[in-house]
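Below: the structure, in structure tokens.
Both ligands and their constituent atoms are indexed starting at 1 by order of listing. It should be emphasised that the depicted structure is a prediction, and the values quoted were computed from it without experimental measurement.
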Amino acid sequence: MSVQEILVINGPNLNLLGQRQPEIYGHDTLASIEDKCAELARELGVSVRFGQSNHEGAIIDLIHEAREKSAAIIINAGAYTHTSIAIHDALKTFDGYIIELHISNPHAREEFRHVSWISSVADAVMAGAGAYGYELATRLAAEKIKAD
Ligand code: CA2
């Protein structure tokens, strides 16, 4: 049987991680987060694939691709979390396990970040653990897909 895949989707501006606003988002880059998750996934007997886009449609394409290829999605939709019914609808078509992830805790920030179009279609929500949240989410997703 082939190794099950977790797709980690990152939305707008997250390609700048580690370069700006470290007081909110920390010093880790997306590449270093990907390396840590890949190593963890190897230990856990699953695989992870990272995708990032600043474009809503490209994020939806990644979700559609996951319908064929992935057992779980970890998604940090960035600011689209608070606006995108299209991403909400796309996630609804995915049959696997979904984790909504945020580096910061949006509930402790501006009021416009308190609304999420992702939470209602996610199986789990992780927020405020910093970049470490990606490793926690990878561990959770691996456990869930291996139990299936
Ligand atoms: O805390 C999170 O992970 C967020 O999803 C990040 C989004 C924000 O709009 C959400 O409310 C919470 C913003 C991502 C911006 O990423 C940057 C990274 C480095 C420098 C500047 C922005």
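Connectivity analysis of hydrophobic side chains (ILVMFWY, heavy atoms under 4.5 Å, direct or indirect) links W117 to I85, V115. Side-chain contacts under 4.5 Å among hydrophobic residues (ILVMFWY), followed directly or transitively, place I63 together with L7, I9, I59, I60, L62, I73, I75, Y80, I87, L91, F94, I98, I118, V121.
Look at K69 and E5 and you find no salt bridge, because none of the NZ, NE, NH1 or NH2 atoms lies under 4.0 Å from a carboxylate O.
Listed by chain and residue number, the protein contacts of ligand 1 are P12, N13, L14, L16, L17, R20, Q21, Y25, N76, G78, A79, H82, H102, I103, S104, R113 (heavy atom within 4.0 angstrom).
The stretch residues 117-126 participates, sequence neighbours left out, in no salt bridge (Lys or Arg N to Asp or Glu O under 4.0 Å) pair at all.
Atom NE2 of H114 has more than 12 neighbouring heavy atoms from other residues, nucleotides or ligands inside a 6.0 Å radius.
Side chain to side chain, N54 and Q52 meet the donor-acceptor criterion of an N or O pair below 3.5 Å.
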